[in-house]
Amino acid sequence: MRPAELLSAMTAAEREAAGLMREAHDILAECKTGHRDVVTAYDRKVQELLIARLSEAVPGARFFCEENDRHDELSAEHLFIIDPIDGTMNFVRGLHHSCISVACCCGGVLTAAAIYNPYADEMFTALRGEGALCNGRAIRVTADPFCETVTACGTSPYNPELTDKTFALLRMAFLESLDIRREGSAALDLCSAAAGRVGVYVEPSISLWDYAAGKLIVEEAGGVCRTLEGEELPFDGRKSSVVAGSRENVAEFLRLAAKL
Ligand code: IPD
Ligand code: CA
């Protein structure tokens, strides 16, 4: 199947599943690994619908998903990495800033990505080698230097042992850039970096389903994603730190972080 066909199946499935999020009511949070790590019936319904639609569109498709521990081989011919609702805490609390994130990997290579924010009606997409778009318009990381941009951050809420490290980084970012933002969805933070709305997005520990689609969108928007050690992000299912933005701003962030 051509990458463009895969992407169109992904965006169609996300737009349909977004209806479940928009019409959600009586949202009950259930704890997963701890009181901050929550899931709702809607996360599961969105994921089921995406798996159903993508399985119809791509016979033999495999899946690596946030909910229900469906973790197929990452090297499969057509593997979809799904975060059904990224920003579940926002979703539960009625803070309308969450999204559906789907990446498609072909033989272990990130090929297509689609992240949809149903509240802002923004669809971020990327195809490997063909650039990144928001609602069909090309996006690009900012050319502004780190000190003249806002920094998006995540607090790695499910890793309280990282609290001191996280807030040291955020303090540095607050002092060295214009300000910080903690909006509550790693996938949308990556899209904000790709669209040049923020200079850098940083978070000390997130999961593959949080960053897979956003990584391709950032790279196709001319940016880079690195770990806090300056390495490429892993693609083996492990959690990772992420610093994303223009090559220059990521390098500047890592230079400043190394002094902490
Ligand atoms: C979380 C959000 C949050 C980030 C966490 C993620 P979830 O994803 O992206 O912004 O700080 O690290 O796990 O649990 O809402 O899908
Ligand atoms: Ca997530």
Side-chain angles (χ1 to χ4, degrees), residues 14 17-18 20-21 24 27-48 50 63-71 80-103 113-120 124 150-163 165-167 169-170 173 180-194 197-198 200-218 225 227-228 233-234 237-244:
E14 288 187 8
L20 295 169
M21 286 172 71
I27 303 172
L28 291 179
E30 300 160 38
C31 292
K32 295 198 285 183
T33 59
H35 67 295
R36 294 193 180 115
D37 187 7
V38 292
V39 63
T40 72
Y42 292 96
D43 296 68
R44 297 199 188 92
K45 282 186 202 166
V46 167
Q47 183 170 302
E48 277 163 25
L50 293 171
F63 296 91
F64 190 94
C65 307
E66 175 164 18
E67 312 305 342
N68 304 336
D69 290 330
R70 170 115 192 228
H71 294 169
F80 293 98
I81 301 177
I82 297 180
D83 192 337
I85 300 183
D86 186 55
T88 301
M89 189 59 85
N90 280 351
F91 181 69
V92 167
R93 307 307 308 177
L95 295 160
H96 284 175
H97 187 80
S98 310
C99 66
I100 301 174
S101 174
V102 180
I115 294 178
Y116 185 52
N117 176 347
Y119 306 108
F124 294 88
V150 167
T151 304
C153 58
T155 50
S156 300
Y158 317 142
N159 294 83
E161 73 283 2
L162 295 176
T163 302
K165 177 179 182 173
T166 302
F167 282 85
L169 289 168
L170 304 193
I180 58 171
R181 296 285 182 272
R182 198 293 189 252
E183 297 200 317
S185 161
L188 288 177
D189 289 336
L190 286 161
C191 293
S192 292
R197 297 172 185 174
V198 298
V200 158
Y201 156 63
V202 61
E203 184 152 5
S205 179
I206 59 174
S207 297
L208 180 59
W209 45 76
D210 298 315
Y211 66 76
K215 175 181 187 297
L216 185 64
I217 292 171
V218 168
C225 296
T227 67
L228 280 165
L233 303 193
R238 270 182 301 150
K239 292 186 90 169
S240 177
S241 53
V242 176
V243 186

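Start at 1 and go down the list; that is how both ligands and their atoms are numbered. This one's a predicted model, so the numbers in the text were calculated from it and none came from an experiment.
Screening Ser241, Ser156, Ser240 against Ser205 for a side-chain contact (heavy atoms from CB on, under 4.5 Å) leaves a single residue, Ser156. Here the rule is salt bridge (Lys or Arg N to Asp or Glu O under 4.0 Å) with Arg44, and of Glu66, Glu30, Glu67 only Glu30 fits it. When the options Leu169, Val202, Leu233 are evaluated for a side-chain contact (heavy atoms from CB on, under 4.5 Å) with Val243, the one that passes is Val202.
Not counting sequence neighbours, Glu48 has no partner by the salt bridge (Lys or Arg N to Asp or Glu O under 4.0 Å) test.
At distances below 3.5 Å, not a single donor-acceptor pair connects side-chain atoms of Ser207 with backbone N or O atoms of Trp209. A donor-acceptor contact shorter than 3.5 Å is absent between the side chain of Asn159 and the backbone of Glu161. In this structure a side-chain-to-backbone donor-acceptor pair under 3.5 Å is missing from Asp189 to Glu183.
Applying the side-chain hydrogen bond (donor to acceptor under 3.5 Å, both in side chains) test to residues at least two apart or on different chains, the pairs with a partner in residues 87-102 are Asp43-Thr88.
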Please tabulate, line by line, the atom pairs linking an N/O of ligand 1 to a protein N/O at a distance below 3.5 Å, with the distance in Å to 0.1, or answer 'none'.
unit_1: ligand 1; atom_1: 8 (O); unit_2: Asp86; atom_2: OD1; d: 2.9
unit_1: ligand 1; atom_1: 9 (O); unit_2: Asp86; atom_2: OD1; d: 2.8
unit_1: ligand 1; atom_1: 9 (O); unit_2: Asp86; atom_2: OD2; d: 3.3
unit_1: ligand 1; atom_1: 9 (O); unit_2: Ala186; atom_2: N; d: 2.8
unit_1: ligand 1; atom_1: 10 (O); unit_2: Arg182; atom_2: NH1; d: 3.0
unit_1: ligand 1; atom_1: 10 (O); unit_2: Gly184; atom_2: O; d: 3.1
unit_1: ligand 1; atom_1: 10 (O); unit_2: Ser185; atom_2: N; d: 3.2
unit_1: ligand 1; atom_1: 10 (O); unit_2: Ala186; atom_2: N; d: 3.4
unit_1: ligand 1; atom_1: 11 (O); unit_2: Arg182; atom_2: NH1; d: 3.4
unit_1: ligand 1; atom_1: 11 (O); unit_2: Arg182; atom_2: NH2; d: 2.8
unit_1: ligand 1; atom_1: 11 (O); unit_2: Glu203; atom_2: OE1; d: 3.3
unit_1: ligand 1; atom_1: 11 (O); unit_2: Glu203; atom_2: OE2; d: 2.5
unit_1: ligand 1; atom_1: 12 (O); unit_2: Glu203; atom_2: OE2; d: 2.8
unit_1: ligand 1; atom_1: 14 (O); unit_2: Tyr158; atom_2: OH; d: 2.6
unit_1: ligand 1; atom_1: 15 (O); unit_2: Gly87; atom_2: N; d: 2.8
unit_1: ligand 1; atom_1: 15 (O); unit_2: Thr88; atom_2: N; d: 2.7
unit_1: ligand 1; atom_1: 16 (O); unit_2: Glu66; atom_2: OE1; d: 3.1
unit_1: ligand 1; atom_1: 16 (O); unit_2: Ile85; atom_2: O; d: 3.3
unit_1: ligand 1; atom_1: 16 (O); unit_2: Asp86; atom_2: OD1; d: 3.3

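Tally of protein N, O or S atoms closer to the Ca ion (ligand 2) than 3.0 Å: 3.
Considering CD1 of Ile100 and CD1 of Ile85, their distance stands at 7.0 Å, rounded to 0.5 Å.
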